[in-house]
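One structure is given below, encoded as structure tokens.
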2 protein chains.
Amino acid sequence: MARPRTPLLSRERIITAALRLVDAEGLDALSTRRLATELSVSGPSLYNHFGTKDELLDAVVDSVMGEVDLSMFTPGAPWPEALRAWARSYRAALAAHPNVVPVLAQGPGRRPNALRLADAVFGCLVESGWPRGQATRIGALMRYFVTGSALASFAAGFPEDAGLYDAADYPHLGEAHRLAEHRGAIDEGAFETGLEALLDGLALRFERTAEGARRAGGDR
Amino acid sequence: MARPRTPLLSRERIITAALRLVDAEGLDALSTRRLATELSVSGPSLYNHFGTKDELLDAVVDSVMGEVDLSMFTPGAPWPEALRAWARSYRAALAAHPNVVPVLAQGPGRRPNALRLADAVFGCLVESGWPRGQATRIGALMRYFVTGSALASFAAGFPEDAGLYDAADYPHLGEAHRLAEHRGAIDEGAFETGLEALLDGLALRFERTAEGARRAGGDR
DNA sequence: GTCTATACGCGGATAGAC
DNA sequence: GTCTATCCGCGTATAGAC
């Protein structure tokens, strides 16, 4: 076969197949040949649609970022509620595709959906009265927490091999081999606990900042 | 050359060279051939000391974990201070080797230093009066935050290309191209702000937990 | 503009000689 | 314990068919 009447491939189809492959078998399984086979096409055909493998990976990552709901960032929305709803939506999108998180955690790069997200968070905080410097820090720290929580399941990181946790070496880890049983609940509980603690701690700071600003007549 | 009188290689020497290579040029630069060249040795010689490349990588990662100070977890130490000091030491160790963080964030695996760390944190929290379930969650959420913050510089994630931040697309990101200028300060500020917020929020919860436990006569 | 065939160099890993 | 030789899969460049 040479040039078919209707194209076999499209960016959409390639991205979808690539994401499915990465979700199912990890980042390493995404090879151009493997992906091409999955699409019933021969290796280098992909290069008609993407310049390099990295460009393809970028598109895959941004398609995941596109699943994050940003509708809570409407003008006038109170920042703690908006941040809470966004963090949950963000985590849900990443947790559905944990294997792409190491790529996405490197920063927004030039990916439009990632930049849109950063813009929305920063905008909400500034409009709520946070000084710009603080808003930058809070955007960063929320990203730290959410990507860290999505990067890998905490509970799954401990091998289930009970013999590993010798009381002489690890006096407090005796039950660690049973963590995997409640994996999802532990990860979600840790995320929710951390999120609420973070928001409480930031609210404390906001009161102080607002008070300081009122007294001194503006911060920067 | 065949078998030398005194071995040219040792696990120590290999690990040190591998870590230097990963730090300087990233995870992708760590190939068995490249590493062998760096050690003035021929490719497959490394397989006399490590079964697979993954085993080598595991050893490299655990050597980084070994740099984390755990001395603050002495019996009787107040948990907020211990957690604060540990988080800083943990972040410092990871920030010195950001390229290995994606590997290490996957969980402790069977790496002894990683397990020792998890054991120390959990033990301190339980001895301080946190219920075991809460202690597990707090260990997880602290790991989320610290690994997330070490995974990549927030500020460096935004391209310096000013033309990228078109006000029509990203109304609040106008100054984002200048983030890289103060990269280190932004990352550290975000980490410290998040850490203090987290500890404040957890302290609030601890008071409630302790009160509840006092009233109900024990939690678990 | 979209596909196939072919080819190059580099990656991890193994086998066997010394 | 280290070498050389070798295998196979990878990303991707190039050439040519339609």
Side-chain angles (χ1 to χ4, degrees), chain A residues 1-63 99-100 102-104 106 109-110, chain B residues 1-62 99-100 102-103 106 109-110:
Chain A
M1 190 211 312
R3 179 179 187 169
R5 201 162 294 270
T6 60
L8 299 174
L9 260 28
S10 70
R11 286 179 70 102
E12 291 297 317
R13 250 171 65 67
I14 295 173
I15 291 172
T16 305
L19 182 56
R20 189 171 44 224
L21 191 52
V22 171
D23 284 344
E25 307 187 32
L27 265 185
D28 291 345
L30 183 67
S31 78
T32 56
R33 286 169 224 259
R34 176 73 193 280
L35 178 58
T37 305
E38 219 79 38
L39 288 160
S40 309
V41 125
S42 245
S45 298
L46 302 171
Y47 285 84
N48 288 306
H49 302 268
F50 294 95
T52 66
K53 188 189 171 181
D54 277 356
E55 199 182 308
L56 161 60
L57 196 56
D58 244 44
V60 170
V61 167
D62 211 43
S63 81
N99 294 334
V100 310
V103 182
L104 149 176
Q106 301 293 124
R110 299 169 174 280
Chain B
M1 190 211 311
R3 180 177 188 166
R5 199 166 295 271
T6 60
L8 299 175
L9 259 29
S10 70
R11 287 179 69 101
E12 291 298 317
R13 250 172 64 68
I14 296 173
I15 292 171
T16 306
L19 183 55
R20 189 171 44 226
L21 191 53
V22 171
D23 284 344
E25 307 187 32
L27 266 184
D28 292 345
L30 182 66
S31 76
T32 55
R33 286 170 225 258
R34 175 72 193 279
L35 179 57
T37 305
E38 219 79 37
L39 288 160
S40 308
V41 125
S42 246
S45 299
L46 302 171
Y47 287 85
N48 289 306
H49 301 269
F50 294 96
T52 65
K53 188 190 171 180
D54 277 356
E55 200 183 308
L56 162 60
L57 197 55
D58 243 44
V60 171
V61 167
D62 211 43
N99 294 334
V100 309
V103 182
Q106 301 291 125
R110 298 168 175 282

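Hydrogens, waters and symmetry mates play no part in the numbers below; they use all other heavy atoms, side chains included. Labels below follow one simple rule: chain letters A, B, ... track the order of the sequence lines, proteins then strands, and each chain is numbered from 1.
The shortest distance between the side-chain N/O atoms of B/Ser45 and the OP1/OP2 oxygens of D/dG1 is not below 4.0 Å. A close approach under 4.0 Å does occur between a side-chain nitrogen or oxygen of B/His49 and OP1 or OP2 of D/dT2. Listed pair B/Ser42 / D/dT2 fails the phosphate criterion, with no side-chain N or O lying under 4.0 Å from OP1 or OP2. The shortest distance between the side-chain N/O atoms of B/Thr32 and the OP1/OP2 oxygens of C/dG12 is below 4.0 Å.
Across all strands, A/Pro7 comes closer than 4.0 Å only to sugar-phosphate atoms, never to a base (heavy-atom distances). Residue B/Leu30 is classed as a sugar-phosphate contact, given heavy-atom separations below 4.0 Å to backbone atoms only.
We find that CG of B/Asp28 is positioned 16 Å from P of C/dC10, with the value rounded to whole Å. One can place CG of B/Leu56 at 10 Å from P of C/dA13, the figure rounded to the nearest angstrom. Rounded to whole angstrom, the span from the NZ atom of A/Lys53 across to the C1' atom of D/dC10 amounts to 8 Å. With rounding to whole Å, B/Asn48 atom CG is found 12 Å from C/dT14 atom P. If you measure from atom CD of B/Glu25 to atom C1' of C/dC10, you get 15 Å, rounded to the nearest angstrom. Counting to the nearest Å, the C1' atom of D/dG11 and the CG atom of A/Leu27 are 15 Å from each other. When rounded to the nearest whole Å, the span between OH of B/Tyr47 and P of D/dC3 equals 14 Å. Put simply, CZ on A/Arg34 is 19 Å from C1' on D/dT12, counting in whole angstrom units.
Closest heavy-atom contact between B/Tyr47 and B/Thr32: OH-CG2, 3.7 Å. For B/Leu39 against B/Arg13, the heavy-atom pair with the smallest separation is CD2-NH2, 3.6 Å.
Between the CG atom of B/Asp62 and the CZ atom of B/Arg110 there is a distance of 13.0 Å, given to the nearest 0.5 Å.
Within 3.5 Å, a donor on the side chain of B/Arg33 pairs with an acceptor on the base of C/dG11, or the reverse.
Other residues, nucleotides and ligands contribute only 12 or fewer heavy atoms inside 6.0 Å of the CD atom of B/Glu12.
Checked against B/Leu57 for a side-chain contact (heavy atoms from CB on, under 4.5 Å), the options B/Ile15, B/Leu27, B/Val100 give a single hit: B/Leu27.
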